[in-house]
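Values reported hereafter were calculated over all heavy atoms of this structure, with side chains retained and with hydrogens, waters and symmetry mates removed. Just follow the structure's listing: the first ligand is 1, and inside any ligand the first atom is 1. Along the sequence shown, the residues carry numbers beginning at 1.
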Amino acid sequence: MCGIVGYTGKKKPINILVDGLRALEYRGYDSAGVAFWSNPSIKTVKRAGRLNNLVSALQGIEDKPGYAAIGHTRWATHGAPNDLNAHPHSDCTGNIFLVHNGIVENYKTLKEELQKAGHKFYSETDTEVISHLIEEEIKNNPLYSAKRSILNSINKLQGAFALLIMVKSEPEKLFAVRNFSPLVLGINGNDDEYIVASDPTPIARHTRQIIYMNDGDMAIISPKGYEFVDFKHNSLKKDIAQIDWDIEEAQRGGHAHFSAKEIFEQPDVIENVLRGRLIPEEGMAKLGGLETVREKLRGIKRFVITACGTAGFAAEVGEYMFEEYGGVPVEVELASEFRYRKPILDPETAVIFISQSGETADTIAALRESKEKGALTLGIVNVVGSSIARETHAGVYTHAGPEISVASYKAFTAQLTALVLYAMLLGRQRQMSMTMGKRIAEELKNIPQLMRQVLKQSDKVKEIAQKYKDFNNFLYIGRKYNYPIAYEGALKMKEVSYAHAEGYSSAEMKHGPIAMIDENFPTVAIIPKDSVYEKNFSNLQEIKARSGPIIAIATEGDEDIKYITEDVIYIPKTLEMLTPLLTIVPLQLFAYHSGVLRGRDVDRPRNLAKSVTVE
Ligand code: G6P
């Protein structure tokens, strides 16, 4: 979703902004723009489509060093993705330029009031309202500083916003505002330069020193330094954090796409999630991030797990794990629904929030609601220092490294692994025996190795993808632990190949979807040798009897499956609870190869955003 970059320092800004926007491309966008000083004034260049369109439009334009500059990738919400609606936006006088991530919920009322006061609007965006609001404030109180006028204006806004503002009268300054949408300040003290961005990725190539802004913060930044205030004009003190991951990690590492890189690095990611957290000889998991709430966890009677998208399917697998091994009742709910119900929560309920980015607006809203109602809030988050990581009472980082592909692969398996660790911890606090704990720990330790074996079959999966390249409908089915995996496999297929794919329970399939089955409607069946194998097998017979082609994900050694399926991809044997960590891999590969063979932009599928920071 929208990406923001800003720079102030002694260098020429265009290249810095464009590089920064490239680093944010993975968030998803449909237009891009920049504003910078170019003699004699501030110049804005905006283009619909890919960043390269903007780069071409910038050819030959001189940018002035030493002044503030801002850039933006826009993921359209209010108004079509065209040049005019692209950010930065400006006011009637051309004195204020700003970029915005989020939604101004009261923009209609504000716009009407401003129009009555004579302001002329050129775009359909909610963002433009903010620039006219600041203009009006300056007009009515000409003696106020820009800082004060901006603060007065933002106090009139409702909704979520991260803003980066330039004002002509104070050319070196960037005004950065955060309210429910992420913003980070990078400090390059040696070079007296500052970079502001939606996340640390564009900053990491310039400096490792960053300040994570909080909701309700405004930063006023110039090459001479910075100050932080809250929306009531009070000064704030901020801690400087360090970026502790390597920029190389965010590069493609020899793969054709980030998607492939992120699928193939999953065994290493699982090792990272487990590092130092598994005590096999005691059948225990040690989660440093949960130490402060460890005793409290003993008294928790019920868990709710909430998330969005792929993280939501990880949550569903977690439900099976927690109930079977953790010995606690669990409910899973999409964060977008949770926030608008009246969830019944109390101090004996713990709510777990799963999120790759830690910035998903619905998940953050669900978190705040849970805290308000007195529940213990816990995180499973990838991005260090993100809002969810900071706002939960305690939590576990997934250490998957930066995930660039918009469709989530490695973050998912990292989330599943973290859930196994949670389940072990809860189980050992309750009824799980040490023997069972040891068994899980031993099997879990082997997962990276087993995953590598599955990944070796990538070429075979590609051949199957080639065979089904022209099919536009797929049914994905599974049961028990692999029921949510059917949904996640189907989601991957939709996201990166744009084929219609429907996830379903193998058992429920006969209550509806079976009507669609014929020789042109393939089924992807997840059928490991587990406690529901026989039932699952009967469900597949029902498809076979109706001439539906079947691609099976089955356990090595299962010869019977070959008789009722067209294609089989085998996974090694493991504990039933851990099978999702292996079965998902061929489904990720199938979606990836299908997307590439269909000529899709697999790393950045159309219409999708990596970090969904609006409702
Ligand atoms: C977007 C992404 C998905 C992701 C979901 C939740 O839709 O495209 O890949 O699963 O948001 O994001 P989160 O960062 O909270 O895991």
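Nearest non-hydrogen protein atom to atom 12 (O) of ligand 1 is T360 OG1, 3.3 Å. Looking only at protein heavy atoms, the nearest one to atom 7 (O) of ligand 1 is V612 CG2, 3.8 Å. Among all non-hydrogen protein atoms, the one lying nearest atom 9 (O) of ligand 1 is V406 O, 3.3 Å. Ranking protein heavy atoms by distance to atom 2 (C) of ligand 1, first place goes to A609 O, 3.4 Å. Among all non-hydrogen protein atoms, the one lying nearest atom 10 (O) of ligand 1 is T310 N, 3.0 Å. What sits closest to atom 5 (C) of ligand 1 on the protein, heavy atoms only, is C308 O, 4.0 Å. When hydrogens are left out, the protein atom nearest atom 16 (O) of ligand 1 is Q356 N, 2.7 Å; that is the closest non-hydrogen contact.
Aromatic ring orientation, Y483 versus Y487: perpendicular (interplanar angle above 60°, classes split at 30° and 60°). The aromatic rings of F353 and F338 sit perpendicular, their planes meeting at an angle over 60°, well past the 30° parallel limit.
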Audit row: H500, F474, ring-ring contact (aromatic ring centres under 6.0 Å, His included) steps and yes/no: CA-CA 6 Å; H500 162 237; F474 293 86; 9.1 Å; no
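Residue Q415 has no N or O atom closer than 3.5 Å to an N or O atom of ligand 1. Residue G358 has no N or O atom closer than 3.5 Å to an N or O atom of ligand 1.
A salt bridge does not link D30 with R604: every distance from a Lys NZ or Arg NE/NH1/NH2 to an Asp or Glu carboxylate oxygen is 4.0 Å or more.
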